[in-house]
Amino acid sequence: MLVNYHTPRHVYIVCGNTDLRKGIDTLTILIADNFGLNLYDDSLFLFCGWRNDRFKALYWDGEGFILLYKRFDNGRLTWPRNSEEVRALDSQQLNLLLKGLNPYHSQKFIVPKKVDKFYDFLDTILNPSGKLKKAIGYAKKFRTRLKKIYEIGELPLANNPVEQAIRPATLVRKNSLFATTIAGAKANAIWYSLIQTAIDVSKYLNYIFSLLEQRKEVDVEAYLPWNSEAKESCAVAN
């Protein structure tokens, strides 16, 4: 089975906490007995335990059950914990879930109310002074920029995944003295972007180096991760 969560006709999320030590047999009994759903109807079932950085997926591929286990190196899931039930997910909700957002409550509708409430509170503070005055002024100055966050509901509220992505490079910063220049910073930015865009980093680098060894005269587009030949050569293994 290709790891594409959008392929099955039905996708269900099992809310609450599921013991991820459970295997195929126990999880199938859980679905059949507790929720009465058809396990063989091209359906994918998602389970999450107490830790929000990992989940399991159960799927019948026509020959047998497949149990997938995924752990995120960066980021966490926003898993519905308020009830013990199964809910269906559409494609957009599934994308929100896998991006760490609540699949049932887009921040596009939640954040504005909280932001407006925050600024209403700031208006109640009369005659602030010192650092508090400076902080309030800063917040009001960038209110327009803050609104950009909830104009796109899928936009992450934190840049932690990006910081984690460049962490390996920052750990060797003493050996990267060229990055202290403007040209070096631009080169680093390009490098980080390519690494994060590549489908499989190791395969992508091998692909680039192989072209270098062969001294092929190709357009720069042929080296970029979204090139059709590069994508095919650097696909993530099933």
Side-chain angles (χ1 to χ4, degrees), residues 1-106 153-154 156 161 165 195-207 210 224-238:
M1 173 189 177
L2 182 64
V3 184
N4 184 345
Y5 304 104
H6 295 276
T7 301
R9 188 165 50 144
H10 307 289
V11 178
Y12 296 101
I13 178 174
V14 180
C15 304
N17 300 305
T18 302
D19 187 350
L20 292 189
R21 293 174 297 179
K22 294 180 178 180
I24 292 177
D25 293 338
T26 311
L27 292 175
T28 54
I29 293 174
L30 172 69
I31 295 298
D33 291 353
N34 292 13
F35 305 110
L37 294 173
N38 188 349
L39 291 158
Y40 309 97
D41 188 26
D42 195 19
S43 299
L44 179 71
F45 298 91
L46 305 177
F47 309 86
C48 185
W50 290 99
R51 302 180 63 175
N52 286 13
D53 63 343
R54 61 200 64 191
F55 70 94
K56 279 188 174 182
L58 181 68
Y59 179 75
W60 171 264
D61 69 349
E63 298 178 351
F65 283 105
I66 296 175
L67 185 61
L68 302 175
Y69 180 85
K70 180 169 183 176
R71 185 184 69 186
F72 292 94
D73 288 334
N74 300 308
R76 301 170 65 84
L77 296 164
T78 301
W79 203 270
R81 303 290 191 184
N82 56 348
S83 60
E84 297 292 337
E85 62 177 347
V86 170
R87 299 181 186 178
L89 294 178
D90 59 28
S91 181
Q92 181 179 4
Q93 290 173 325
L94 180 58
N95 283 332
L96 290 174
L97 176 70
L98 296 178
K99 290 179 180 179
L101 302 176
N102 191 317
Y104 298 102
H105 301 286
S106 172
E154 294 78 13
I195 289 297
Q196 285 304 298
T197 308
I199 301 175
D200 184 301
V201 175
S202 178
K203 289 183 178 180
Y204 177 68
L205 292 178
N206 286 331
Y207 171 77
S210 68
L224 300 180
W226 48 83
N227 177 272
S228 58
E229 183 178 343
K231 289 171 64 177
E232 182 178 353
S233 301
C234 307
V236 177
N238 294 343

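Predicted model, so just to flag it, every value in this text is computed and none were measured.
- Inter-residue side-chain proximity for Leu27 and Phe45 is flagged as unmet; no heavy-atom pair is nearer than 4.5 Å.
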Query - Steps toward side-chain contact (heavy atoms from CB on, under 4.5 Å) verdict (Ile13, Phe55) - result: CA-CA 10 Å; Ile13 178 174; Phe55 70 94; over 6 Å; no
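- Here the shortest heavy-atom pairing between Ala32 and Leu39 reads CB-CD1, 4.3 Å.
- Side-chain contact between Asp19 and Thr26 is absent, with no heavy atoms from C-beta onward closer than 4.5 Å.
- Of the possible polar contacts, one joining the Asp61 side chain to the Gly64 backbone as a donor-acceptor pair under 3.5 Å is found.
- The two residues Phe35 and Leu30 make their nearest non-hydrogen contact at CD1-O, 3.6 Å.
- Between Pro8 and Leu44 the shortest heavy-atom distance is CG-CB, 3.8 Å.
- Taking the salt bridge (charged side-chain N to carboxylate O under 4.0 Å, His left out) definition, one finds that Arg71 meets it with nothing, sequence neighbours left out.
- Panel note: side chain Lys70, backbone Ala57; no donor-acceptor pair is recorded below 3.5 Å.
- The minimum heavy-atom distance linking Ser210 with Tyr207 is given by the pair OG-O, 2.6 Å.
- Residues that satisfy the side-chain hydrogen bond (donor to acceptor under 3.5 Å, both in side chains) test with Asp53, not counting sequence neighbours, are absent from this structure.
- For the pair Trp79/Thr18, no side-chain contact is recorded, criterion being any heavy-atom separation below 4.5 Å from C-beta on.
- Between Trp60 and Phe65, the two ring planes are perpendicular [angle over 60°; tilted spans 30° to 60°].
- Interatomic distance, Ile31 CD1 to Asn38 CG, rounded to the nearest 0.5 Å: 11.5 Å.
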Report task. Please test Tyr59 against Leu68 for side-chain contact (heavy atoms from CB on, under 4.5 Å), starting from the C-alpha separation and ending with a verdict. Result -> CA-CA 8 Å; Tyr59 179 75; Leu68 302 175; over 6 Å; no
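- Taking all atoms of both residues into account, the shortest heavy-atom contact from Arg54 to Leu20 is CG-CD1, 3.9 Å.
- The line from CG of Leu67 to CZ of Phe47 is 8.0 Å long, rounded to the nearest 0.5 Å.
- Shown here are the side-chain hydrogen bond (donor to acceptor under 3.5 Å, both in side chains) partners of Asn34, two or more places apart in sequence or in another chain: there are none.
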